[in-house]
Each structure stands twice: as C-alpha cells, then as structure tokens.
Amino acid sequence: MVAMEITRTLLPSSSFSNLRRAPPLFHFHVSPSSSLYPDVLHSQSSLPITSRSHFRKPLAVSDGSASATKVAVDDPSLEVKKKAMDVSPELKGTTIFLVGMKSSIKTSLGKFLANVLRYYYFDSDSLVEEAAGTLSAAKSLREIDKSGFQESETEVLKQLSSMGRLVVCAGDGATQSTTNLALLRHGITIWIDVPLDIVARGMVEDQTQLSAYNLSTSVAYPEVLTRLSTAFEELRGGYAIADATVSVQQVAGKLGYDEINDVTTEDMALEVLKEVEKLTRVKKMMEAAARPF
C-alpha cells in the first residue's frame, strides 16, 4: 500500500510523454505493472547544465622547455562529448544505472553523463524521499516500515526501468533484491567504485546522507567510516553483478595521477562511456551470431 501511494504521487506523465521505452540491452524479462505506465517524475527530469568536476584538475607542468611542457586539454569535456556521440547510435536510448555507495562523485558523474548523452537524470533515493514528503519522513519510513520502504524503491525502479534515455543514480536498495536486480537488467549497470574514505569524508562534510545509516550530524569521521565499511560488505555482492566497474582508484592509476583527488568527473565519464561502448559491441556481436545463415 505504501509503495503504491508513493508511486501515485511520484511521476506525472506530462513531462515524459515524448520519451519512448527502450528494450533491455541484455534481455531479462520482467513484466512491469500496467498501473505504472508511462509515468516519470518531472521535478528531476530537466537536462542538467554541464558542471565542472568537484575534483582538482591536474595542472600543466613545464621545466621551461617547449618540448617538455605537458599541456592540459583546454576543454576535457570535448573528448567526452565526442565519445558520447560515437556511443549514442549503438546505445539506442538504453538507460544507464549507476550503482555503488552514494557520494557526490557518483551524483556529479550521473548528471554529467546525462548532459553529454542528452539523457534525463534521476536519483532513485531522491524520488522515494520526495514522495514521502520530507527527508525525515523517508527516514521514519525506512526505520518503521522497512519492507514498505523497500517496496517503494522497487516501484520507483519499475517506472524508471520501463523508460529509455535515462541516467539513474540507483540507491542501495537497487542491489538488495533479485527483483530489483532484474529490473536493472533493462539497462546497462555500472558500478562506480569510490574509496570508502572519500565517501566517508564527503558524508561528514555534507551530512545530508548520515540519516540513511542512522548516524547523527555530530558523528566523527572514524565512526562514519566504520559504518560505511559494514554496509559495503553487505552491498558489494550486489554491486559486483553490474555489467562493468569503473573505479576511481584504477582511473587515477591508468592516467598516471599521483593522487586520487586529481581524477575529474570528465575522466570518470570517459571511462564509463568506454565501458558502455564495449558492452554495446558485445551485444551487437551476440545478435549477429544468433542470426540464421
């Protein structure tokens, strides 16, 4: 009942009547409830404005000679946009789900990807919270009626998975049940692997996500890190089922950065698009192999 009430208050259809539903990239049949068509929430649906990374961008380095100067790219987003243009024809509007611990890194990445792909951006946790009315109401629902909260998460995913051309930052509940994992198969799922110490520091600074882990705003960093580590061990199995993984630490190593904080949103977005490109190529090869001679 709670889940259905949340669904009814969620997603008015007027803003998304022009969006088509996309078939699953890798077929995994789920019968969506007829009562859910064709709604998607309008309050998060506008295409985001391109924003620069929250991370520090490496500076150009020179020892005084022209040949030794490492010139930074004037606009690193251009390379990402070019890759997005290359990927889009084969992507064919397939929704991209980003899973992993909630962080500003994942949020910024999701919005940036939506912008370069000309997709719509959603945060599934925010949808549940908005439907509940307030963050405190959502927190109460999570604590008092855990099954009802999980049902509402599933209803949100049902609606989002039935649509195309979305980038969705999925909450932890998206990977905690077989039903939700099946819904994610209607798109491409990428695990955004962010070091827990970075996530913990972000939560201490922001504090809006502390309630999701039953932590007070006065909590210290070590306790946040401990709680996140416990949660991660419970969730990592679901994250690992993603179609691909993009790790902040691995991207930093691949690009030769000395510090993880040198990784930008653009760097992460380019890596995600490369993984998406690989997956769409595999799908195309599988389809070709399945054709009769």
Side-chain angles (χ1 to χ4, degrees), residues 41 43-46 48-57 96-115 121-143 149 152-153 156 167-176 190-236 238-239 246-249 251-252 257 259-269 272:
L41 178 69
S43 64
Q44 295 185 38
S45 64
S46 59
I49 298 172
T50 303
S51 59
R52 294 296 298 163
S53 167
H54 289 291
F55 307 109
R56 184 174 71 257
K57 187 66 185 172
I96 297 173
F97 294 98
L98 304 182
V99 300
M101 302 297 286
K102 193 175 184 70
S103 67
S104 61
I105 294 174
K106 191 172 79 165
T107 300
S108 298
L109 175 60
K111 291 179 179 179
F112 185 74
L113 283 169
N115 186 78
Y121 172 79
F122 289 94
D123 183 297
S124 63
D125 278 349
S126 295
L127 298 185
V128 176
E129 290 166 6
E130 288 181 27
T134 64
L135 183 60
S136 60
K139 180 176 181 290
S140 297
L141 178 62
R142 189 194 299 266
E143 294 174 351
F149 187 88
S152 66
E153 288 180 307
V156 166
V167 174
V168 179
C169 274
D172 291 340
T175 61
Q176 288 185 292
I190 309 290
W191 175 11
I192 306 304
D193 188 7
V194 182
L196 291 181
D197 61 321
I198 293 179
V199 178
R201 289 192 183 95
M203 289 182 66
V204 171
E205 292 175 4
D206 184 8
Q207 297 192 339
T208 59
Q209 298 303 319
L210 292 173
S211 60
Y213 296 92
N214 296 320
L215 294 168
S216 67
T217 55
S218 61
V219 70
Y221 164 79
E223 186 177 348
V224 175
L225 182 59
T226 299
R227 187 66 60 88
L228 285 177
S229 298
T230 301
F232 178 74
E233 290 305 316
E234 297 174 355
L235 296 166
R236 68 187 306 172
Y239 295 159
V246 174
S247 163
V248 175
Q249 195 164 6
V251 170
Y257 294 162
E259 299 181 21
I260 289 180
N261 287 340
D262 287 336
V263 177
T264 66
T265 299
E266 292 86 353
D267 293 331
M268 292 292 289
V272 168

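These figures come from a predicted structure and were not determined experimentally. Starting from 1, each residue takes its place in the sequence as its number. Reckoned from all heavy atoms, side chains included, excluding hydrogens, waters and symmetry mates.
The closest side-chain heavy-atom distance from T265 to K111 is not below 4.5 Å. Proximity of R227 to V219: side-chain heavy atoms (C-beta onward) are nowhere separated by under 4.5 Å. Taking 4.5 Å as the limit, some side-chain heavy atom of I260 sits within range of a side-chain heavy atom of Q249. In this structure, V272 and I192 have side chains that are in contact, with non-hydrogen atoms separated by less than 4.5 Å. Between F112 and V167 the shortest side-chain heavy-atom distance does not fall below 4.5 Å.
Annotation for V248 and P195: closest pair CB-CD, 4.0 Å, computed over non-hydrogen atoms. Closest heavy-atom contact between S124 and A170: OG-CA, 3.4 Å. Nearest heavy atoms, G100 versus W191: CA-CD1, 3.8 Å. Nearest heavy-atom pair across E259 and A252 is O-CB, 4.4 Å.
A distance of 8.0 Å separates CD1 of I105 from CG of N261, quoted to the nearest 0.5 Å. The CG atom of L196 sits 11.0 Å away from the CZ atom of R201 when rounded to the nearest 0.5 Å. M203 contributes atom CE, which lies 11.5 Å from atom OG of S104 (distance to the nearest 0.5 angstrom). Separating the SG atom in C169 from the CG atom in L127 is a distance of 11.0 Å, to the nearest 0.5 Å. Atom-to-atom distance recorded for E223:CD and L225:CG is 11.0 Å, nearest 0.5 angstrom.
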**Request:** Please step through side chain to side chain contact (heavy atoms under 4.5 Å, CB included) for the pair Y221 and D197, ending with a clear verdict.
**Result:** CA-CA 9 Å; Y221 164 79; D197 61 321; 3.3 Å; yes
**Asked** Could you walk me through whether D172 and E234 pass the side chain to side chain contact (heavy atoms under 4.5 Å, CB included) check?
**Response** CA-CA 10 Å; D172 291 340; E234 297 174 355; over 6 Å; no
**Request:** With side chain to side chain contact (heavy atoms under 4.5 Å, CB included) as the test, would you mind laying out the steps for V194 and K106 before giving the verdict?
**Result:** CA-CA 8 Å; V194 182; K106 191 172 79 165; 5.6 Å; no
**Item:** Test log, rule side chain to side chain contact (heavy atoms under 4.5 Å, CB included), inputs F122 and V156
**Value:** CA-CA 11 Å; F122 289 94; V156 166; over 6 Å; no
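Looking at residues two or more places apart in sequence or on another chain, you find a salt bridge (charged side-chain N to carboxylate O under 4.0 Å, His left out) between K102 and D123. With sequence neighbours left out, E233 forms a side chain to side chain donor-acceptor pair (under 3.5 Å) with R236. Every residue two or more places apart in sequence or in another chain was checked for a salt bridge (charged side-chain N to carboxylate O under 4.0 Å, His left out) with D206, and none qualifies.
Judged purely by atom type and a 3.5 angstrom limit, T175 has no side-chain atom pairing as donor or acceptor with the backbone of Y239.
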